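Please read the structure below before turning to the comments.
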Amino acid sequence: MAGSIKTEAVVLRSIRYGEADRILHLYTLDRGRLSAIAKGSRKPRSRFGGRLEPFFRLDLTLHEGRSELLTVTGASTLAGYGRLRSSGPAIGAAARACDAVLRLLASSEPNRPAYNLLCRYLDLLDSSPAAARGPAASGRAAGLAFRLKLALAAGFVPELASCARCGEAEVITSFSGAAGGVVCASCEAGGFELSQQAHRFMVAALGRPLAELPAADEAALRQVERAIGDVLAHHAHVQLRAVA
């Protein structure tokens, strides 16, 4: 039904279209994933200015007609993340986070935990842009923690408390994407070895804020990235870009 809607949104991707327009891929607070066209937004005197670029958090007014593509009729900035935009590594981390949302959350149904998570991650990158290239707790680890929490919000969180095949909780040795989580020695066929440090990191990443992660070495973080990738490939049929 035609009409106007108002919603808060993060610009995930902005694509030039025609001579003066932009196609926006948005993740919204109230409507999940949406795509919209901003007509005339690339003209020098456009009323939208530069606020329709990726990572902007906006208060949007959209016209909904018969097409799946909505039309942007109004936009005001809620957060421009200026410090994030001054750092190449932070821009890269934000782009990978938005790409993960694009790939994993295709529904137009609202998912407020996912929306709030994306905003918190952009806030973290903006508050300390240099952290995107820093050591475990502030760099690569934060990106992996974001992906774990996003998987939780999307309904694809791996089983970490006990063996995903038999329920054994005492002797966890490996991780199996096909099984959907950690597995014990008796069920490890087809999985890969998961260190105690990597396991602890994944548990902590789901339970703590993004800015309060435990230290983990590179070997453990590589295992964590593989575990997240395997689960999403098997169960969400999604392949994510490398985290860094």
Side-chain angles (χ1 to χ4, degrees), residues 89-90 92-105 113-114 117-118 120-121 124-125 128 130-244:
R96 288 187 290 272
C98 288
D99 183 71
V101 172
L102 270 169
R103 295 177 188 231
L104 194 54
L105 299 172
L117 170 65
L118 177 60
R120 286 196 299 272
Y121 187 56
L124 175 66
L125 293 174
S128 182
R133 64 174 180 269
S138 59
R140 186 178 185 186
L144 290 171
F146 170 81
R147 291 188 177 188
L148 270 170
K149 291 175 182 291
L150 186 65
L152 173 63
F156 298 106
V157 66
E159 171 59 54
L160 299 174
S162 60
C163 176
R165 287 200 171 105
C166 73
E168 167 65 44
E170 296 300 322
V171 187
I172 298 300
T173 62
S174 305
F175 191 96
S176 168
V182 294
V183 289
C184 67
S186 299
C187 301
E188 66 182 2
F192 64 91
E193 183 179 353
L194 187 73
S195 68
Q196 290 185 357
Q197 186 182 76
H199 187 198
R200 286 196 300 269
F201 176 88
M202 294 174 76
V203 172
L206 286 171
R208 297 185 189 179
L210 287 169
E212 298 178 12
L213 298 177
D217 61 30
E218 282 299 311
L221 293 178
R222 284 195 295 270
Q223 290 181 343
V224 171
E225 183 168 9
R226 181 179 176 184
I228 298 169
D230 283 4
V231 164
L232 295 180
H234 276 91
H235 300 282
H237 308 292
V238 166
Q239 297 282 349
L240 298 184
R241 296 164 53 188
V243 76

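All of these numbers come straight from a predicted model, not from anything done at the bench. Position 1 is the first residue of the sequence; numbering continues from there. The figures here come from the full heavy-atom set of this structure, side chains too, leaving out hydrogens, waters and symmetry mates.
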When rounded to the nearest 0.5 Å, the distance separating CZ of Arg147 from CG of Leu240 is 5.0 Å

On a heavy-atom basis, the closest approach of Ile228 and Leu144 is CD1-O, 3.7 Å

Fill in: Val238 side chain reached by Phe156 side chain, heavy atoms, under 4.5 Å
no

Inset, instruction - Indicate yes or no: at least one non-hydrogen side-chain atom of Leu148 is less than 4.5 angstrom from one of Pro158. - result: yes

Rounded to the nearest 0.5 angstrom, the CG-CZ distance for Leu160 and Phe175 is 6.5 Å

Minimal heavy-atom distance between Ala242 and Glu225, with the atoms involved, is CA-OE2, 3.4 Å

To the nearest 0.5 Å, atom CG of Leu104 lies from atom CG of Asp99 at 10.5 Å

When you compare the side chain of Val231 with that of Val157, does any pair of heavy atoms fall below 4.5 Å? no

Tightest non-hydrogen contact, residues Gly181 and Ala164, listed as N-CB, 3.9 Å

Value for CD (Glu159) from CD1 (Ile172), rounded to nearest 0.5 Å, stands at 8.5 Å

The reported gap from SG in Cys184 to CZ in Arg165 (rounded to nearest 0.5 angstrom) is 9.0 Å

Is Arg103 reaching over with its side chain to a backbone N or O of Gln239, donor-acceptor style, under 3.5 angstrom? yes

- Examine distances only and state if a side-chain atom of His235 and a backbone atom of Gly177 form a donor-acceptor pair shorter than 3.5 Å. yes

Between the main-chain N or O of Glu193 and the side-chain N or O of Gln223, is there a donor-acceptor pair closer than 3.5 Å?
-> yes

Per side chain to side chain contact (heavy atoms under 4.5 Å, CB included), Leu194 is matched among His199, Arg226, Glu188 by His199

Shortest non-hydrogen pair, Ala114 vs Leu150, comes out as CB-CD1, 4.3 Å

Leu124 and Ala142 have their tightest heavy-atom pair at CD2-CB, 4.1 Å

So CZ of Arg120 and NZ of Lys149: to nearest 0.5 Å the spacing works out to 7.0 Å

For this session: Determine the interplanar angle of the Phe146 and Tyr121 rings, folded into 0 to 90°, and report it as parallel if under 30°, tilted if 30 to 60°, perpendicular if over 60°.
Result: parallel

Ala220 and Ala198 have their tightest heavy-atom pair at O-CB, 3.7 Å

Residue pair Arg200 / Val203, side-chain heavy-atom distance below 4.5 Å
no

> With no hydrogens and no angle check, is any side-chain donor or acceptor of Arg208 less than 3.5 Å from a backbone partner on Leu213?
Replying inline: no

